[in-house]
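Protein chains get the first letters and strands the later ones, always in sequence-line order, with residue 1 at the start of each.
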Amino acid sequence: MEILRVEHVCKTYGTGETAVNVLTDISFSVQKGEFVAIIGASGSGKSTLLHILGGIDRPTSGEVFVDGQSVYERTEDQLAVFRRRQVGLIYQFYNLIPVLNVEENITLPVRLDGRKINKKRLAGLLQVLGLTRRRRYLPSQLSGGQQQRVAIGRALMNAPAILLADEPTGNLDTQNTQEIMQLLEASHKAYRQTIILITHDPEIALQTDRILEIQDGKLIRDEVIR
Amino acid sequence: MEMMFTLTLRILKRNWKRTLLTVCTIILSVGMMTAVLCGGWSMLRFLQEKEKRYGGDYAYRIEIPSQQQAEKLMRGKNVEDVSLFRFAGSSFYGEPSNQTLLAVAEINEAFVENFSLEQYLLEGRFPFNENEIVLTQDFIEDNGLACSVGDTIRLSLGARVWDEIHTELYGLVNYLGERESFHPNAERTYTIVGIVSEMNESKTASEFNAFSGMGSDGGALSAFVTCNPISKSVYSEAEENAKAVGGQVSAFHSELLLYHGVTGGRGAAKILAAVGAVIVLLMAACSAMISNVLSISLQERIRQLGMLASIGASRRQKKASVTIEALMLGVIGIPFGILFGLGLTSVVLAVIRISFEAAFTFGALGLRTHIHWMILLLGGISGIGSLFFACQVPGKMASKVTVIDTLKQSDVYQAKRESTSHGKVMSLFFGIYGALASKNIYRNPRRFHAVTMSIFSAVVLGLSLYSFSDFMLFQTSMDMKEDGSSYTDVEAAIPYKDLQRAVKAISDEGLSADISYRISRYMTAAFEEASINPDMAGYFINGELAEFYVVGMDEEHLYALCEENNIDYAAYNTESDHGILINRAAGNYGPAPNRVVIGSPFLLERGAEIELEYGDNRKRVIVQDVVNGNNADIQSQLVRDRAVLIVPMSYFDWLLNGDTYIELAIDTPQHGQVTECLADMGVFQVFDVAKTTENSRQIYTLLKMMVCIFTVLMTMIIGLNVCNTMANTIHVRRNEFAVLRSVGKTAACLKKMLLLESALYGVKSLLFAVPISLAIHYMMYLLISKGMTPFLFYIKWGAYGIAVMTVIIVVVMAMLFSLRSAEKVEMVEELKMGSI
């Protein structure tokens, strides 16, 4: 079942002489439960594509459909709800709220939605992420790897349609990198979670099911590897 | 929303220094507004109480036909009390003269209470019935009477009438110089039950020196009606009540009604509008400053807001983060601000009461802090209002924060091309640090303008208010000696024939006074071009005619004046047409309009003859002595805008007769008693100059004090704002500082750069603030000197020096504050974080 479809997406910054075409005519689709890596050199447009998929940045032209619905036909408030419920975002630099503890950071999207926290799901996530004993810790009291786990937990708390990860291991050492990738793999398998991951590391890309390669804003390769 | 509450609270706790700064800003702002309201209310209450005490606690006066109507009036609409008053008549206790004249008033108990007459009671009590009387002690002593409480006196009461036909009866002369007669109509015997002092401060009772109880069959009387509450309907109530008792409204107590906000005119509305305008201005200024503070706080949380946006926070939720912060800070800041404002009011009013005791303390009545629930409510509302308006702009900014802005940091602290073009001038003087400082402050033009505008506003406002109060004080002090005393303490105009009587009256009172007398007239003379100073051409009418203020002085004081100024008196002793020319005048006499000049209009030497004209009279004066320089001592006593000719009194023999009015200029420390003595004598043109001048000085000194307090408070608020802003700029640029340190920038270099940035804020503000303040200073001068005694333009550079020093202190403090923040930046951590 198709969970994501991107049609002729273009993104241009600036106008006139200073216009920069970051993405040019990107089209692809992702099935539910796929684990996709987007690779490319620095400045190729990977992050921009990810932001467009996550409803963070609007494309200059083209369409993005998640679960059959156009993402950018929504109003700003509807986009916010979309990001809250249907997308999970993980960043290279974690982007946790420093004054909230682990549990509060993980449940943040649920609280923003005004819904009741599913304690069972929370407990399960904390266990999977290995953070049960550290649930009351602040981000400043955690290591990089632990912080990234919290970010993953936050992204998964609402069981989003797609999980978008922007270089989630870029700031971690080898061991932590492995652990994070294992976690992502585990959630992919356990929850049939659709994951789209940006990386410049070929070894990480090879751990996914499919690789999309971006070069100079164009999709030059779409390869299923598993 | 619960999440946003929790989040905001923790952020505030985490950045407790920033939070404390913000709360202090709110406390000061709300405190100022509360102080204005409470101070104004306390002053109003003081004026109300003072007016009740000395003018009487009544709203209107009705003339009623008899005392029976008074009881009916008591049951009238909104009538709390009725004070009754009737003029029983005049009487002479002894040989008829002004000194033995008794003016007897009949009053009831309510009158004693509502007109605060108890304060004047020296002995005994006030009368209960028409057979009892109180007399003033002055009357008893002046007439050498052996009266005391318990004695009986018999009075022949009657009316004083101006009557040409019967003037032979007593031949009295009233204060207008008209002969009058006395017509007795009743004989009364009274028991003296009390002795009172002169009721000079009482507006109604001061005209009387004897008070008896209210007679039941005395005929028409005045009913002073006390209302509670006093409202706008007092006018209709008065008419209604008067009609019900068959009476007529004769007067409203305008001053008291004004102080209660009720008046037929628009005076009260104007005062209320003025106070309202001050509060609104304060609210606007405070809102702007608090808004800046909230924007700073927002700036520091922009990444968080972006992150919240990325996980689905709506615009409302993002905006709520600002609103909730304002609410939380307001919950602490507003109550403390109100308390601070009340405390500030108490301190200021106490200082005023002590410094200006004569004007603000009357026995038990003094200027005190009065607190009304409305003040607390309005203080709270103004605080809430300020916060509400303050969080509109940052709230809107917060709602618009997008994920992509924060991820790419394309918001305020990215350098735009325009900001990078600044710094050429600074780099010339201060090298790379100057260039960096200049470029950095222009990266956020809005923030830069907010800070410089706040410094600019404070400087301009403070200096302008200071200019106004200083000019007014100078104006008032122009006719005073250096030690603050008046050249003349009492001035009076009396017929020449009454001169000796006035001198005797003052002497008989045992008062120490130096009495000089003079006659003065404005007289004109024509001059040829050779005698005219071209720099003072504007002094002359049609290029030739000049006006002199000619003063004929008594011999004794003319001699003293000559002695003091090293002038030979001999010629004036023998020659009545010789005069001293004070060849100096101040006015718009120069070539430039609207510019006051001081100079010598005439080019005259000793021996010059001046043909003076006064109506059809022509009189010659020979200039015996010329005084060209500044002689403040002489001119302060006379006029400043005309040249003065001082001649012996005998010069005016052609004009002087018994009925010609002459001016008395009396130097005396007992100016109040001398004024009273002359007034009692029947002189109605008598002025206590010393008291009036002192009152004016007090008012403007008070104004100056208020200006200083206001300026200090504004400086504190702005200082907090600047510190806050500088700390924020450090916070959002911490990555830059980390990079600068990583490439070898030392702490000293960082300090230099931050100092230059801080200095730029101050310099840019002062560059505009000082010239504009000077322009306003000049405009104030034009406004104040026009229509009043002209004086030369001056600038008190000391005030400008203080303003500049204050700005320097504020920016240095801000720099030190921000330096501490900069030094805390963890280089490694910040470099690791970098920008996404």
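Heavy atoms closer than 4.5 Å to chain B are found in the side chain of A:R154, but not in its backbone. Proximity to chain B is limited to the side chain of A:E76, based on heavy atoms less than 4.5 angstrom apart. Contacts between A:L89 and chain B at a heavy-atom distance below 4.5 Å involve the side chain alone, from C-beta outward. If you measure heavy-atom distances from B:R14 to chain A, the contacts under 4.5 Å come from the side chain alone. Within the 4.5 angstrom heavy-atom criterion, atoms from both the backbone and the side chain of B:L308 approach chain A.
For A:F28, the CZ atom counts as densely surrounded, since its 6.0 Å shell holds more than 12 non-hydrogen atoms of other residues, nucleotides or ligands.
Residues passing the side-chain contact (heavy atoms from CB on, under 4.5 Å) test with A:A161, sequence neighbours excluded: A:I3, A:V66, A:Q86. Looking at residues two or more places apart in sequence or on another chain, you find a side-chain contact (heavy atoms from CB on, under 4.5 Å) between A:V20 and A:V22.
When only modelled atom types and interatomic distance are considered, A:R74 and A:Q69 share a side-chain donor-acceptor pair under 3.5 Å.
Rounded to the nearest 0.5 angstrom, A:S47 OG and A:D166 CG are separated by 3.5 Å.
Within residues 317-334 of chain B, the residues having any heavy atom less than 4.5 Å from a heavy atom of chain A are, in residue-number order, B:Q317.
Chain B forms more heavy-atom pairs under 4.5 Å with one residue of A:G88, A:G114, A:P98 than with any other, namely A:P98.
Of all heavy-atom pairs spanning A:S70 and A:E63, the tightest one is OG-OE1, 3.3 Å.
Looking at A:R121, its side chain does come within 3.5 Å of a backbone N or O of A:M157 through a donor-acceptor pair.
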For this session: Under the side chain to side chain contact (heavy atoms under 4.5 Å, CB included) rule, what do A:R115 and A:N158 come out as? Steps first, then yes or no, please.
Result: CA-CA 10 Å; A:R115 290 187 288 136; A:N158 258 343; 2.7 Å; yes

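Sequence neighbours left out, the pairs with a member in residues 190-200 of chain A that pass side-chain hydrogen bond (donor to acceptor under 3.5 Å, both in side chains) are A:E167-A:H200.
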